[in-house]
Every structure is written in structure tokens, then in C-alpha cells.
Peer 1: 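Handing you this structure, nothing more for now.
Residue numbers start at 1 and run along the sequence shown. No hydrogens, no waters, no symmetry mates; every other heavy atom, side chains included, goes into these values.
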Amino acid sequence: MKKIDFMLTAFRDGFQSVFGARVFSADYLPCVEFAARECGITHFEAGGGAMFQSPFFYLNENAFDVMDAFRKATGPDAQLQSLSRGITCVALKAQPQAILKLHAELFKKHGITTIRNCDALNDAENLTASGHGIVDAGLKHEVSITMMELPPACRGSHTVEFYEKTLRDILDSKLPFDSICFKDSSGTSCPRKVHETIRMARRLLGEKMKIAFHSHNTAGTCVLSYMAAIEASVDQIDLSLAPVSGGASQPDVLTMWHALKGTEYALDVDVPKIVELENMFKEAMKSYFLPPESMRVDPLIPFSPMPGGALTANTQMLRDNDLMGRYPELIHAMGEVVNKGGLGSSVTPVSQFYFQQAFNNVMFGPWTRIAKGYGKMVLGYYGKTPVPPDATVFKIAMEQLDLPPAAEHLKALEEDPKRGVAAAKAMLKNEHLPITDENIFIVATCEEKGVLFLKGQGPIGVRKRNAAPAQPVPQAAFSSAPSICTVGLNGNIYRVVLDGTNALVNGTMYDVEVSEPGVEAQPAPMVPAAPVAAATAVRAAQAAPVVRAAAAPKAEPKPAAGKAAGQPVITQLPGLVLRIEKSVGQTVKTGDTILIVESMKMDNAIVSAVSGTVIAIHVKQGDQVQAGQELAIIG
């Protein structure tokens with residue numbers, strides 16, 4: 001009987017695939033501890049991927065603190081693995097060498113032992129650029145080849161021969177690695193092709209090399225693909241736990257245990273303990289909104305193909321912006337975007353680029369607005385695509401982005417003044433934030449959202465089945481100690497933390513003046529809250545998270561207070577105010593950017609339609625805005 005090793009992905013890819021990586025760590029860490037100490041599980045996926053950015057973007061948690069807590073829960077001997085996406089590591093934009101090096105060093109410092117290193121374009125040059133930092137940091141390096149099935153009518157890559165060429169390119173590069181993973185994030189590779197690919201790899205790598213296979217059940221064939229990989233001599237597969245198994249995630253440990261009955265292969269698991277763990281895990285997750293699409297098997301996924309790990313991340317963002325009704329159109333549009341974009345694997349960040357371009361094609365018309373990430377990928381700024389992109393799209397991308405094709409993309413990264421350690425330090429200094437290695441990396445990979453988090457202004461974006469009902473402000477709000485209450489307003493649920501003259505509302509800090517009944521309040525001075533006070537309020541808020549109800553209706557757009565005469569500046573898309581580029585009183589020209597609104601992880605410039613002077617700005621950084629909302633006025 002051959003033992004098949006497995007990595008437990010429930011607490012990383014499971015969360016990303018089912019909840020869009022929006023789960024508070026305090027809710028699941030007891031389950032991690034039980035899995036390690038009672039069930040005897042020794043190999044966990046513990047960080048990286050979307051689970052690095054998500055704590056900063058949606059949870060008001062520090063991902064490094066979460067990794068430390070994960071290590072404490074499992075004990076010192078567990079193998080903790082994270083996912084890195086080649087030269088983008090845990091960001092969505094490519095990073096220079098100094099940041100890639102810092103990534104590996106910091107992840108080792110915070111408890112990670114192995115990094116799975118993948119590249120959506122299967123560009124060996126990218127894998128080499130990112131892999132050496134992992135090896136130099138003293139971590140185990142699991143190099144990856146990304147797989148998928150091409151949408152109908154697409155030709156030119158993602159065959160066994162293509163994967164063999166990629167593997168030979170990696171071997172020729174002399175890049176050291178301890179194991180190799182064939183990673184199918186969309187779960188669309190045909191089981192027969194999986195079998196032949198693993199056999200090819202075993203032939204080239206020999207019997208001693210550890211080979212892993214990763215997939216998702218989004219298209220319904222994952223167990224078949226795992227069986228095909230096992231029969232082809234794979235050493236490890238990735239498995240999850242209910243309630244974040246199946247559907248867009250990996251198969252359940254118990255499902256695979258059952259599937260292997262009567263074969264010469266087995267999982268070494270304590271089944272009663274796994275059942276107990278799953279019951280505990282279900283109880284811990286019962287308050288979270290479970291997106292129905294995350295649990296479905298979708299036979300049309302091979303036509304997109306939308307990866308399981310990106311599916312709910314994108315649908316959660318669509319829900320954030322009241323756009324979920326457009327989801328079928330977006331998925332339908334992805335096939336053409338993949339075909340014309342060079343056939344890179346549908347794995348982050350390329351899967352995000354595909355979805356962003358599909359989003360633009362649906363919302364603004366086909367190819368009328370090139371998403372920056374997609375356009376830069378087409379032009380070669382993320383490496384060489386498996387096949388040349390469509391010539392017309394290539395030309396449109398050059399014209400709209402005003403960029404030439406990338407001659408040496410890695411060299412361009414090193415020369416970009418907006419990337420790297422120096423740029424991150426400048427951002428921290430400008431915001432009067434401490435300059436530490438962790439903060440440098442947070443700002444380099446999370447940019448403005450990282451700054452908002454470090455200032456104590458990160459938003460909360462977690463959906464639960466039933467948010468707490470509205471309650472009156474407690475009398476304790478008038479004491480010097482921070483107090484927490486929940487306020488219902490226009491169908492929305494707001495978490496409010498009062499700390500002296502600071503109020504943290506869903507992660508955004510305001511200055512307020514609170515008085516006893518019958519005592520007239522004085523207006524609070526319009527100065528930013530001190531970072532220390534903000535951090536205190538955030539810590540208090542984390543102790544008792546209350547979040548927006550899943551079905552709560554959005555409030556209507558706020559009318560501009562004290563509206564002045566002039567030309568309104570209106571956003572076409574809902575989203576988050578990421579940056580305000582102009583200030584009141586500043587002269588602008590037609591086409592000048594007034595502010596940046598982020599929607600679907602894309603920065604959208606909101607420009608002035610006229611020349612004149614900015615006479616009013618109605619929003620501030622970190623505000624959530626709705627389509628059609630007036631943001632500023634030009635006089």
C-alpha cells in the first residue's frame with residue numbers, strides 16, 4: 001500500500017476559493033491547532049496568494065501577525081507552505097529583485113518553511129528571478145508549472161509537449177528546487193492529460209524527485225484528475241476540509257480517502273478525528289456568508305476558464321459594487337480575452353487580468369478600454385506569453401497605455417522608480433509611518449491600501465449571514481475607554497468604535513465630539529487622527545468584529561453637501577477612493593485626473609471634463625462610492 005501525501009489547503013486556498021479570502025483569523029486558528037495537535041496533520045498551506053493582501057484589504061489584520069499565530073497554533077515542526085506568483089510574489093504587480101528577496105526573508109521569519117513558486121506564463125526566466133531568493137533565504141523551493149484546458153477554438157499551448165518544454169527550460173536554467181508542482185488553478189485539465197504530464201515529469205526527473213499535483217473541483221473532474229495523477233506516480237495532492245472543500249476548492253480529505261478505497265493507495269489519516277475537525281470547522285464558519293457559486297460544479301468553467309481561487313474573490317467584489325447581476329456576461333466574455341491575450345494560464349495575476357479585461361469589455365464595450373494589467377501583459381511587461389497575443393489587441397494596448405512593447409521586462413522592473421524598497425520607504429516617510437522591513441513589504445505589495453491599513457484606516461469587508469442588529473450607543477461611549485457598538489442606517493450595518501474624540505467606522509477613522517444627553521457638543525477639529533489612537537481603535541474593533549449583512553441593501557448615493565455651481569465630476573463605476581490627486585483651489589485642464597477610484601482591483605482615473613478650478617471635493621481617501629455619484633466640482 002503506497003501512502004499518498006497531502007497538503008491541507010483549507011486555511012489558505014480553501015478560504016480564497018470559497019470566501020474570497022475574507023475570514024478573520026481568530027475564527028479559524030483553533031481549528032488549525034486541532035488539525036495539527038489532535039489529527040496529526042503536518043503539512044499546511046498557511047499563507048501567500050490572496051491570503052496575504054486580503055487581511056490588509058478586508059480584515060484590518062496584519063498578514064505577518066496571522067502567519068505568526070498560525071505557526072504558534074501548529075507548533076514548531078509542521079511544514080507551513082505559502083504560495084508565491086513568480087515575479088509578482090504576493091502582489092498583483094510585478095516586483096523588482098529587492099522586494100522578491102525581502103518576500104522570502106520575511107516569510108521565513110514569520111514561520112513559513114516552503115514556498116510554492118509559480119508563474120502564470122510559464123516563463124522560466126520569471127521562475128528563476130523569483131526562485132533564487134527563496135533558495136537563498138534557506139526555504140524549501142517548490143517550483144511550479146501552471147496548467148489549464150484551453151477554451152474551445154484556442155490552440156498553441158497547454159499540451160503535454162508544452163509542459164515538457166517548460167520543464168526542460170527550468171532544468172536548463174539550473175534553478176535549484178526541492179520539489180515540483182503541476183498546478184491547475186481552474187481545475188479544467190483533462191484527467192488523461194494530467195496522467196500523461198505526470199508520467200512525462202517522472203521520466204525526466206527520476207524516482208527521487210517529489211512531484212505534487214494541485215487542482216480545483218470547479219469543473220467537477222478534480223477527483224478523476226487526482227486519481228490519474230496518483231496512478232502516474234505523483235507523490236502529493238492538495239486537499240481541503242468542509243465547509244471549504246469541493247466546488248471551487250479542492251476535494252475534501254474524506255472524499256479522497258473514500259475514493260482510494262480498494263486501490264493500492266491510501267491517505268494516512270485518522271478518520272474519526274477528521275470528522276471531529278470538520279464538525280468543529282463548520283461550527284467556526286457557520287456565521288459566514290457562503291457564496292452559492294463557490295459550492296457549485298460548473299460545466300461551463302472550461303469555456304472561461306475561471307480559476308477556483310479567483311472565482312469568489314471576483315464575485316465578492318462584484319457584490320461589493322452591486323454588479324453581481326453582470327457575472328454571467330463577464331464569464332462569457334473571458335474566453336475571447338484568454339484567446340487574444342496570449343494563452344497564459346488562468347492563475348493569479350493573469351486570471352485577474354483576464355477578468356478585468358472581460359469586465360471592461362462588458363461594461364464599456366469590446367476592446368474600448370484596455371485594463372492596465374492585461375495590456376501590460378500583452379505588451380510583455382510580465383514576461384513572454386505562451387503564444388503571441390492578437391495583433392489588433394496588441395496595437396490597441398500600445399495606443400491606450402502609451403507604452404512600447406517590453407524588450408527586457410526584468411530590467412524594466414529594476415529601473416522603475418515607482419517600484420522597490422526606496423519607493424516604499426518614501427511612501428512610509430510621507431505618511432509618517434515607521435520604516436520597518438514588514439512595513440516596506442506591505443506598502444510595496446499593497447500600495448495605498450497598505451498605507452491605509454498602517455494608518456488604522458483599513459476597511460472591513462467581510463460578509464456574514466446575519467450581521468448584529470442595530471443597537472443604541474452604550475453609555476460607556478462617554479468614558480475614556482474605547483467602546484464598540486453597532487449602528488443600523490439605511491439598511492447598512494456599521495461597526496463604530498469610540499475612543500475619546502476618535503471614531504472608527506467600518507475601519508475609517510473620523511474625529512468626533514461626543515457629549516452626554518443635554519450637553520451641546522462642540523465641533524471636532526479637522527485634523528487627522530494620530531496613528532497610535534487609530535491603532536488602539538483598530539485593536540479594539542478586531543476583538544469584536546461586526547460586519548455588513550450579506551443581503552443588506554446598499555444605501556443610495558449621498559448628495560453632495562453644500563453643492564456649489566460648476567461642472568460635476570462623476571464616477572461611472574462604484575468602488576473605493578484610492579487617491580485624491582487634486583485639491584480645492586487647484587487649477588485643472590480638461591482630461592486632468594482629479595482622483596483615482598479602484599474598482600475590481602483596477603485603478604480608474606476620474607478626470608475633469610472641463611478646464612477650471614477645483615471648487616469642491618465631496619469624498620476622502622478610503623470612501624466607498626457608487627456609480628453616478630458626484631465626487632467633486634470644477635468651477
Side-chain angles (χ1 to χ4, degrees), residues 16-17 20 50 88 92-93 120-121 146 148-154 157-158 185-188 216 218-219 248 291 293-294 296 298-379 382 385-387 389-390 392-397 400-401 572-575 597-604 627:
Q16 181 174 333
S17 299
T88 61
L92 290 177
K93 296 178 181 178
L121 302 182
T146 54
M148 72 174 185
E149 204 65 37
L150 292 175
C154 295
S157 68
H158 295 285
S185 290
S186 61
T188 56
H216 293 246
T218 326
E293 67 275 5
S294 71
R296 282 200 299 259
D298 188 344
L300 294 180
I301 283 294
F303 292 78
S304 7
M306 169 63 77
L311 176 64
T312 50
N314 285 314
T315 57
Q316 291 283 52
M317 286 188 290
L318 289 172
R319 287 187 174 93
D320 288 344
N321 295 297
D322 284 337
L323 293 170
M324 190 60 188
R326 310 300 296 270
Y327 173 70
E329 298 171 76
L330 300 174
I331 287 294
H332 179 73
M334 273 191 69
E336 181 188 17
V337 168
V338 172
N339 192 17
K340 293 187 175 182
L343 303 185
S345 301
S346 193
V347 58
T348 307
V350 168
S351 59
Q352 195 64 39
F353 299 158
Y354 289 153
F355 190 76
Q356 289 169 345
Q357 189 58 54
F359 179 87
N360 282 0
N361 285 359
V362 168
M363 299 299 292
F364 304 108
W367 308 107
T368 59
R369 181 182 291 193
I370 294 291
K372 189 172 182 180
Y374 182 85
K376 292 189 73 173
M377 176 192 71
V378 164
L379 295 176
Y382 285 86
T385 55
V387 301
D390 177 83
T392 301
V393 170
F394 188 88
K395 182 180 178 183
I396 294 172
Q400 290 194 18
L401 301 184
Q572 291 178 280
L573 291 171
V597 171
E598 186 205 55
S599 185
M600 304 304 297
K601 295 186 179 178
M602 290 184 287
D603 295 358
N604 298 283

Peer 1: Under the side-chain contact (heavy atoms from CB on, under 4.5 Å) rule, what do His158 and Ser345 come out as? Steps first, then yes or no, please.
Peer 2: CA-CA 8 Å; His158 295 285; Ser345 301; 2.9 Å; yes
Peer 1: Which pair of non-hydrogen atoms, one from Pro302 and one from Asp298, has the smallest distance, and what is that distance?
Peer 2: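 Looking at all heavy atoms of both residues, the closest pair is CD-O, 4.2 Å.
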Peer 1: Heavy atoms, side chains only, cut-off 4.5 Å: are Asn604 and Arg369 in contact?
Peer 2: yes
Peer 1: Nearest 0.5 Å, what's the CE-CG distance between Met148 and Leu343?
Peer 2: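 It is 6.0 Å, given to the nearest 0.5 Å.
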Peer 1: Once you round to the nearest 0.5 Å, how far does CG of Leu92 lie from CZ of Phe353?
Peer 2: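 So the CG of Leu92 and the CZ of Phe353 are separated by 7.0 Å.
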Peer 1: So, Asn360 and Gln356: side-chain donor and acceptor under 3.5 Å apart, yes or no?
Peer 2: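 No pair is found: no donor N or O on one side chain lies under 3.5 Å from an acceptor on the other.
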Peer 1: Locate the shortest heavy-atom distance separating Pro574 from Leu323; write the atom from each residue and the value.
Peer 2: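 Reported closest heavy-atom pair: CG-CD1, 4.1 Å.
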Peer 1: Does Gly341 offer a backbone N or O that forms a donor-acceptor pair with the side chain of Tyr354 under 3.5 Å?
Peer 2: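 No, the answer is negative, given that no donor and acceptor are paired below the 3.5 Å cut-off.
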Peer 1: Evaluate the side-chain contact (heavy atoms from CB on, under 4.5 Å) criterion for residues Tyr382 and Thr88: first the C-alpha distance (whole Å), next the side-chain angles of each, then the deciding distance (0.1 Å), finally the verdict.
Peer 2: CA-CA 9 Å; Tyr382 285 86; Thr88 61; 3.8 Å; yes
Peer 1: Please evaluate residues Leu150 and Ser157 with respect to the criterion side-chain contact (heavy atoms from CB on, under 4.5 Å), reporting the C-alpha separation (whole Å), side-chain torsions for both, the decisive distance (0.1 Å), and the verdict.
Peer 2: CA-CA 8 Å; Leu150 292 175; Ser157 68; 4.2 Å; yes
Peer 1: Report yes or no: does Glu329 contribute a side-chain atom to a donor-acceptor pair with the main-chain N or O of Val362 at less than 3.5 Å?
Peer 2: no
Peer 1: Can you tell if the side chain of Arg326 reaches within under 4.5 Å of the side chain of Leu318, non-hydrogen atoms only?
Peer 2: no
Peer 1: NE2 of His216 to OG of Ser185: how many Å apart, nearest 0.5 Å?
Peer 2: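 If we round to the nearest 0.5 Å, His216:NE2 and Ser185:OG are 5.0 Å apart.
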Peer 1: So which of Leu121, Val347, Val350 actually passes side chain to side chain contact (heavy atoms under 4.5 Å, CB included) with Thr146?
Peer 2: Val347
Peer 1: Nearest 0.5 Å, please: how far is CE in Met317 from CZ in Phe355?
Peer 2: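 Output value for this atom pair is 7.0 Å.
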Peer 1: Side-chain polar contacts of residues 330-339 - donor-acceptor pairs under 3.5 angstrom, sequence neighbours left out - could you list them?
Peer 2:
| from | atom 1 | to | atom 2 | distance (Å) |
| --- | --- | --- | --- | --- |
| Glu336 | OE2 | Lys340 | NZ | 3.0 |
| Glu336 | OE2 | Trp367 | NE1 | 3.3 |

Peer 1: Is there a side-chain contact between Ser294 and Ser17 in this structure, where contact means two heavy atoms from C-beta onward sitting under 4.5 Å apart?
Peer 2: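 Counting from C-beta outward, Ser294 and Ser17 never come under 4.5 Å.
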Peer 1: Answer yes or no: is there a side-chain heavy-atom contact under 4.5 Å between Thr385 and Val378?
Peer 2: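 SC-SC contact between Thr385 and Val378 ruled out.
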Peer 1: State which residues pass side-chain hydrogen bond (donor to acceptor under 3.5 Å, both in side chains) with Glu293; sequence neighbours excluded, sorted by chain then number.
Peer 2: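 side-chain hydrogen bond (donor to acceptor under 3.5 Å, both in side chains) check on Glu293 returns Thr315, Arg319.
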Peer 1: Give a yes or no on whether the backbone of Pro305 and the side-chain of Ser346 come within a donor-acceptor separation of less than 3.5 Å.
Peer 2: yes
Peer 1: Please tell me if the side chains of Asp603 and Lys372 come closer than 4.5 Å, counting only heavy atoms from C-beta onward.
Peer 2: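 Of all side-chain heavy-atom pairs linking Lys372 with Asp603, none is under 4.5 Å.
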